4 protein chains.
Amino acid sequence: MSTINLMADGQRIGRPLAADSARTRQRILDVARQLFAARGYESTSNRIIAEEAGLTTGAIYYYFDKKLDIFAAVHDDAQRTVYERFDAAVEGLDTFVDRLRAVLECAHDLNNEDPSLAQFLGSCRVDAARDATVAAAIANNRPGRHRSFFNDLISFGISTGEIDESQRDIHSALFRTITTGLVDAVSGDRAHHRNAVDGIMGLVEGRLVRAPGRAWPQPASPQEQPAG
Amino acid sequence: MSTINLMADGQRIGRPLAADSARTRQRILDVARQLFAARGYESTSNRIIAEEAGLTTGAIYYYFDKKLDIFAAVHDDAQRTVYERFDAAVEGLDTFVDRLRAVLECAHDLNNEDPSLAQFLGSCRVDAARDATVAAAIANNRPGRHRSFFNDLISFGISTGEIDESQRDIHSALFRTITTGLVDAVSGDRAHHRNAVDGIMGLVEGRLVRAPGRAWPQPASPQEQPAG
Amino acid sequence: MSTINLMADGQRIGRPLAADSARTRQRILDVARQLFAARGYESTSNRIIAEEAGLTTGAIYYYFDKKLDIFAAVHDDAQRTVYERFDAAVEGLDTFVDRLRAVLECAHDLNNEDPSLAQFLGSCRVDAARDATVAAAIANNRPGRHRSFFNDLISFGISTGEIDESQRDIHSALFRTITTGLVDAVSGDRAHHRNAVDGIMGLVEGRLVRAPGRAWPQPASPQEQPAG
Amino acid sequence: MSTINLMADGQRIGRPLAADSARTRQRILDVARQLFAARGYESTSNRIIAEEAGLTTGAIYYYFDKKLDIFAAVHDDAQRTVYERFDAAVEGLDTFVDRLRAVLECAHDLNNEDPSLAQFLGSCRVDAARDATVAAAIANNRPGRHRSFFNDLISFGISTGEIDESQRDIHSALFRTITTGLVDAVSGDRAHHRNAVDGIMGLVEGRLVRAPGRAWPQPASPQEQPAG
DNA sequence: TATGAATGAGTGTTCATTCAT
DNA sequence: CATGAATGAACACTCATTCAT
């Protein structure tokens, strides 16, 4: 613990006397997430992962059997982080709209804290669609986690009466569209992401489009009218 | 579905007796669009394009100077097709909501007619984000066309009074989110795409989420209540 | 003859009504000589020869069976031109030194008239050394012509008493060295070529290097002392 | 003379037990020098370099980033070797003629020891003339070294009075012609090279050509009459 | 005569992966 | 734990050549 190998200056470490295996592994995952997010699976070479992590390509193989395993590990990490936060965000909220708002705000916060997280998950969906072996590598946990979270959210909306049971599939497709769009279209720009989140809530609360010749609809419930 | 010895119309190829240059070029563009859409730019090799088009790799270079030029040509094709249809779809409609519905229905129709169109454009956005040279190759016309179309649509909504001027940026980000989401999340499945389109219009018309304890809001204007 | 296809402006000719086969063939040889001279055999593609000659690659094959045949034809042309001039230059001169001077001046004039001639012959020697099939293609006439011309010149020098019989091989190697050097080292620059020719004659006539502490030697024969 | 499984010293290669990186790199440079000399830059494929060095093409790229870098490295090696020997050869000699003779003898010795050295440098000049990227790759040190060495030699001759100042450019062009000729015309044959060197010194010392009807000139200065 | 379309072998180069040390 | 050396299959692209028209 007294022999931490400083990497801040980007200098290559030699052969550290007490290298911390877990820390090196995490370093690989961190740089890999950013690289996969920015360039995709195929265009991210092991060489550049190794370089950015201050290693040689060979060393990577001490931690992961193959490139695909790095990708899967990065995915598991990201997936866990996101849904732990989502779960925490909706906890204790009583209405579907509140929970929806909480999830969107949470997504916005996450995107601000570490843009590579959302970007990786978006990139990852593309790579899975493009390459069956990539899809297989993350199949164990990916769509399930996303789908079940939002299906639960819809079920909750039905239970509160805010959503009609007959509209379940429509809501499901809508969620997929919107969450994907948030990640793919605006996660790279904070202001756009903010606007998109506001827009979604505006649509949901009917504050965004009025019929021609009509006044704006009254807010759904006066005590929770948003300022924006 | 390999097309090594047969063209789409069943004509023999190989050392064709009366080779139709334009048709071969279009065949290259067609298979390239599908391959780029499915596997992305980098993972689509010239070899597989050639194979699917019933040619050898060398022959590709008779029609295009380099791989990137194929990509750019496919993109121009797709871009032109989509926005010609979009322009036609909104023509003569008097309200923003009508135009929005028309655009979404048009997108849905296009997606049914040739799923590779939307998929390519979505794939293409990803490839441009991942690789600067790809971005440069389509820079002349890509974001402009999309952005200007939807900006015009928003302006129209403002002119009719359906959208508040102050919300322009929010609508802009929302459109980007939704159109991207439609392409990236549900264009591969007709039913999902249908549901997503219905969901968006449902949100816009306030038919999708009600406040707890409230009745569904009345349709915006009775005479134009949508059936779906 | 009234329908000459003007090429001066570099415009591609269509399908000339009365194409002159011999003239086209010569055009190919002319551009090929310059290209082979500048870039060598291997780096000169049929495509660029065709382009520069205002043809397509296919058309080349009407005139020549293969690329190597173009090279051989260019070589025969150049070889003939040079040695006809050399033969004419030495004719009627009575001393070896006069003949040598005449040959060098002739080489200098040729180099000024069409630099691609000497350059091609230099280039050609290199290509023959580098590639056995190229060597074979010009074997019928190449080294023979050069060698026999200069061997004759040496024999003439022996017959006049200017050269000692025992030095024949030395003169032979020296000629090869000097003529190759002129082509390879200085044919690209008129002034350098001029200086080199003057230098060779200066050496031969003993005007270029004196022993330290000695005066310049008297000119070999007063009546023909060169001005330069 | 393929060296697929055996190195020059008979050591086994392949997946070597104690791979000596520096030795492998030198082996690449050695075979590359011979191949570049014999076939030129363009016609020497990485595949054949690798084969002759007992490697696969991929392995080459562990040592050099690109083919041109191999060429540049070979060139630097050869350049250094030659001019170190030339510098040593002329050191301590008092007259221009002695120095010239020493340089030519040194060139002859080098050519006997490793013919590929001179041949590469000749080949290299041709490749640089033919291809601008090759020229650029060796631009840092090539013509400078050659030119400055011989310019210094001429200056020395002027300082001793053996050369007239006004003839500097002529000597310079002559040196370029002769050294190029030695390499390009006769370096492939020891006897020819020997004869050419003797011929040059014979010319310089006025022993090679006499005026018709005159006796051979007396040696320049009795005490330093050359044996050869 | 000449074109236009195509082939197939070749090029330099990159990459995931292996493994002795 | 990590390196350094190597493999072999892939990739984008070029080229001499062919041949129906």
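These figures come from a predicted structure and were not determined experimentally. The sequence lines fix the lettering, A, B, ..., with proteins before strands; numbering per chain opens at 1.
The salt bridge (charged side-chain N to carboxylate O under 4.0 Å, His left out) check on R130(B) picks up D127(A), with sequence neighbours excluded. Under the salt bridge (charged side-chain N to carboxylate O under 4.0 Å, His left out) criterion, R47(D) pairs with E51(D), not counting sequence neighbours.
Of all heavy-atom pairs between R25(C) and A73(C), the closest is NH2-CB, 4.0 Å.
Under a 3.5 Å cut-off, the side chain of R27(D) and the backbone N or O of A53(D) do form a donor-acceptor pair. Between the side chain of S116(D) and the backbone N or O of R33(D) there is no donor-acceptor pair closer than 3.5 Å. Within the 3.5 Å criterion, the main-chain N or O of L68(B) finds a donor-acceptor partner in the side chain of Y41(B).
The distance from atom CZ of R23(D) to atom C1' of dG4(F) is 16 Å, rounded to the nearest whole Å. Whole-Å rounding puts the F64(C) CZ to dA2(E) P distance at 12 Å. One atom, CD1 of I28(A), and another, C1' of dC1(F), lie 11 Å apart when rounded to the nearest Å. For Y63(A) and dA2(F), the OH to C1' distance is 8 Å, given to the nearest whole Å. For D69(B) and dC13(F), the CG to C1' distance is 12 Å, given to the nearest whole Å. Rounding to whole angstrom units, CD1 of residue I49(D) and P of dT11(E) are separated by 11 Å. For I60(A) and dG4(F), the CD1 to P distance is 14 Å, given to the nearest whole Å. Taking atom CD on E51(D) and atom P on dA6(F), their separation rounds to 16 Å, with Å as the unit.
The distance from the NE2 atom of H75(D) to the CZ atom of R125(D) is 11.0 Å, given to the nearest 0.5 Å.
For dA2(E), the OP1/OP2 oxygens have no side-chain nitrogen or oxygen of T56(C) closer than 4.0 Å. In this structure, Y62(A) reaches the dC1(F) phosphate: one of its side-chain N or O atoms is under 4.0 Å from OP1 or OP2.
Judged by Watson-Crick or G-U wobble contacts below 3.5 Å, the nucleotide dT18(E) has dA5(F) as its partner.
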Please write out each protein N/O paired with an N/O of nucleotides 15-17 of chain E under 3.5 Å, distance rounded to 0.1 Å.
{"unit_1": "dA16(E)", "atom_1": "OP1", "unit_2": "K67(A)", "atom_2": "NZ", "d": "2.9"}
{"unit_1": "dA16(E)", "atom_1": "OP2", "unit_2": "N46(A)", "atom_2": "N", "d": "2.8"}
{"unit_1": "dT17(E)", "atom_1": "OP2", "unit_2": "Y61(A)", "atom_2": "OH", "d": "3.0"}
{"unit_1": "dT17(E)", "atom_1": "OP2", "unit_2": "K67(A)", "atom_2": "N", "d": "2.9"}
{"unit_1": "dT17(E)", "atom_1": "O5'", "unit_2": "Y61(A)", "atom_2": "OH", "d": "3.4"}

